[in-house]
Amino acid sequence: MADQLEFRRAIRDALDEELARDERVVFFGEDVAKPGGVFAVTPGLYDAHGEARVFDTPISELAISGAAFGAAVCGLRPVVEIMFADFLPLAMDGMVNQAAKYWYLSNEQAPVPIVVRSAYGAGGRFGAIHSQSPIPWFQGVPGMKIVAPSTPADAKTLLKAAIRDGNPVLFLEHKRLYSLKGEPPTEEVATIGEAKVVRAGGDLTIATVGASVHHALAAAEALAGEGIDAEVIDLRTLRPLDVATVIASVTRTNRLLVVEEGPLTGGWAGELVARVSEEALGELDDIWRLATDDVPIPYSPALEDAFLPGAETIAAAVRERAGVAA
């Protein structure tokens with residue numbers, strides 16, 4: 001359809017519009033300017049805004065995050081790209097020990113408006129060191145926000161919100177969503193920290209984020225044909241977590257499944273399960289997590305498909321928990 005918006009185009013449009021709106025916004029990273037990005041997300045931005053605002057960097061994630069921190073505390077609003085989220089540990093010092101702490105260390109005098117964009121996630125046959133979901137690596141860092149949209153509309157409006165935010169924001173884009181098309185946004189800027197109920201239901205709540213939202217929706221449709229009515233929540237933001245929206249849902253459904261594309265041990269799903277249990281235990285008949293095994297992500301297509309918690313895996317987990325045969 002002509003009015004459909006592609007996910008990668010939504011990201012590009014948000015960057016283009018924010019660069020035009022605010023002269024303090026700059027955008028840089030590896031191969032993002034003239035080449036237009038390894039995932040073809042940023043073509044044309046260099047030509048539209050010039051080499052002083054959109055430029056390529058050396059292959060050094062630590063240098064990129066350090067430059068972003070320096071630019072932010074000197075009055076700019078940098079947006080940077082770390083090509084693959086698996087390489088974020090190389091940028092961690094600038095992000096975790098500098099950007100996330102500086103508002104506190106400056107006695108709340110110096111905001112650090114940095115957006116770190118990065119492609120994450122499995123399912124694309126990229127292998128063990130190009131397919132990870134690094135959310136738990138940053139989940140415990142005060143001062144940092146983590147956003148992971150699942151639709152083109154949210155990709156655009158949440159990226160705009162991240163660029164306008166005064167805090168460092170890790171903005172994660174699932175690789176399997178770049179070609180996804182959907183309705184354009186109905187608002188200019190979304191609110192970071194607000195989840196969204198994307199499918200109403202009364203028997204079970206499924207909460208997840210990113211590409212897993214689409215798997216959860218497909219599982220919910222399959223389960224509906226078997227008499228199980230699942231509500232699906234797109235968390236959209238992992239830090240801060242919108243626990244209130246999840247609790248409002250489980251107050252009606254009494255059951256919660258949290259689906260995470262990532263290892264069970266130390267994952268963000270465990271944090272959400274703990275928070276909901278602490279605040280709404282009396283409302284729950286059942287609460288559990290579905291995540292990946294604690295192993296590196298396989299390269300083999302058959303093994304990678306079996307490794308991921310896709311729609312069939314989610315539906316099977318619900319049937320098993322409910323004691324319902326397929």
Side-chain angles (χ1 to χ4, degrees), residues 7 121-123 133 135 148-155 174 176-177 180 182-183 190 193-238 241-264 267-293 305-326:
F7 193 100
S133 297
I135 295 161
S150 70
T151 66
D154 281 349
H174 200 289
R176 302 300 291 167
L177 295 178
L180 177 72
E183 295 298 319
E194 286 188 359
K196 181 187 296 184
V197 177
V198 292
R199 186 189 191 280
D203 296 330
L204 164 76
T205 300
I206 304 175
T208 189
V209 73
S212 294
V213 171
H214 302 281
H215 299 315
L217 287 169
E221 289 304 312
L223 292 167
E226 302 165 23
I228 300 175
D229 187 22
E231 182 153 294
V232 178
I233 295 178
D234 181 353
L235 295 169
R236 305 200 297 169
T237 303
L238 279 305
L241 274 168
D242 184 358
V243 179
T245 293
V246 179
I247 290 176
S249 177
V250 300
T251 298
R252 291 182 289 100
T253 67
N254 303 116
R255 296 174 179 85
L256 174 64
L257 167 60
V258 184
V259 179
E260 176 176 4
E261 184 189 315
L264 184 72
W268 62 262
E271 174 65 19
L272 182 57
V273 166
R275 293 281 301 278
V276 173
S277 298
E278 288 172 348
E279 299 180 36
L281 184 61
E283 308 294 339
L284 291 165
D285 292 330
D286 200 5
I287 181 170
W288 82 105
R289 297 172 288 163
L290 177 62
T292 66
D293 291 334
D305 290 343
F307 170 84
L308 289 169
E312 292 182 6
T313 306
I314 295 170
V318 173
R319 294 187 196 103
E320 180 182 5
R321 201 77 170 196
V324 177

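Just so it is clear, the model here is predicted, and its values are computed rather than measured. Note that these values count all heavy atoms, side chains included, but never hydrogens, waters or copies made by symmetry.
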Tabulate below the donor-acceptor pairs under 3.5 Å that side-chain atoms of residues 195-204 make, not counting sequence neighbours, or state none.
| unit_1 | atom_1 | unit_2 | atom_2 | d |
| --- | --- | --- | --- | --- |
| Lys196 | NZ | Asp154 | OD1 | 3.3 |
| Arg199 | NE | Glu221 | OE2 | 3.0 |
| Arg199 | NH1 | Asp229 | OD1 | 3.2 |
| Arg199 | NH1 | Ala230 | O | 2.6 |
| Asp203 | OD2 | Asp229 | N | 2.8 |

Exercise. Can you name the residues that form a side-chain contact (heavy atoms from CB on, under 4.5 Å) with Ala222, not counting sequence neighbours?
Worked result: none
Problem set entry | Residues that Leu241 engages under side-chain contact (heavy atoms from CB on, under 4.5 Å), provided they are two or more places apart | Gln139, Leu235, Leu238, Val243, Glu271, Leu272
Excluding sequence neighbours, so at least two apart, what forms salt bridge (Lys or Arg N to Asp or Glu O under 4.0 Å) with [X]?
X: Glu279; result: Arg275
X: Asp293; result: none
X: Glu231; result: Arg252

Specify the closest pair of heavy atoms between [X] and [Y], including all atoms of both residues, with the distance to one decimal.
X: Leu177; Y: Pro149; answer: CD1-O, 3.7 Å
X: Val232; Y: Ala220; answer: CG2-CB, 4.0 Å
X: Ala219; Y: Ala315; answer: CB-N, 3.9 Å

Problem set entry | Side-chain donor/acceptor of Glu261 to backbone N/O of Gly121, under 3.5 Å |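 Flag not set: sc Glu261 to bb Gly121 has no pair under 3.5 Å.
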Exercise. Pairs in or reaching into residues 204-215: which pass salt bridge (Lys or Arg N to Asp or Glu O under 4.0 Å), with residues at least two apart or in two chains?
Worked result: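 Listed by first then second residue: nothing to list.
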Please list every donor-acceptor pair under 3.5 Å in which a side-chain atom of residues 282-291 meets a protein atom from a residue at least two apart or in another chain.
| unit_1 | atom_1 | unit_2 | atom_2 | d |
| --- | --- | --- | --- | --- |
| Asp286 | OD1 | Arg321 | NE | 3.2 |
| Asp286 | OD1 | Arg321 | NH2 | 3.1 |
| Asp286 | OD2 | Arg321 | NE | 2.8 |
| Arg289 | NH1 | Leu264 | O | 3.2 |

For this session: Would you check if Trp268 and Ser133 make a side-chain contact, meaning some heavy-atom pair closer than 4.5 Å?
Result: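 Contact flag for Trp268/Ser133 side chains = no.
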Compile the donor-acceptor pairs under 3.5 Å between side chains in residues 205-217 and protein atoms, sequence neighbours left out, one pair per line.
| unit_1 | atom_1 | unit_2 | atom_2 | d |
| --- | --- | --- | --- | --- |
| Thr205 | OG1 | Ser249 | OG | 2.6 |
| Thr205 | OG1 | Thr253 | OG1 | 2.8 |
| Thr208 | OG1 | Val259 | O | 2.7 |
| His214 | NE2 | Ser150 | O | 2.7 |

Problem set entry | Contacts of type side chain to side chain donor-acceptor pair (under 3.5 Å), residue Thr245, not counting sequence neighbours | Asp242
For this session: Calculate, to the nearest 0.5 Å, the distance between atoms NE2 and CG belonging to His174 and Leu180 respectively.
Result: 11.5 Å
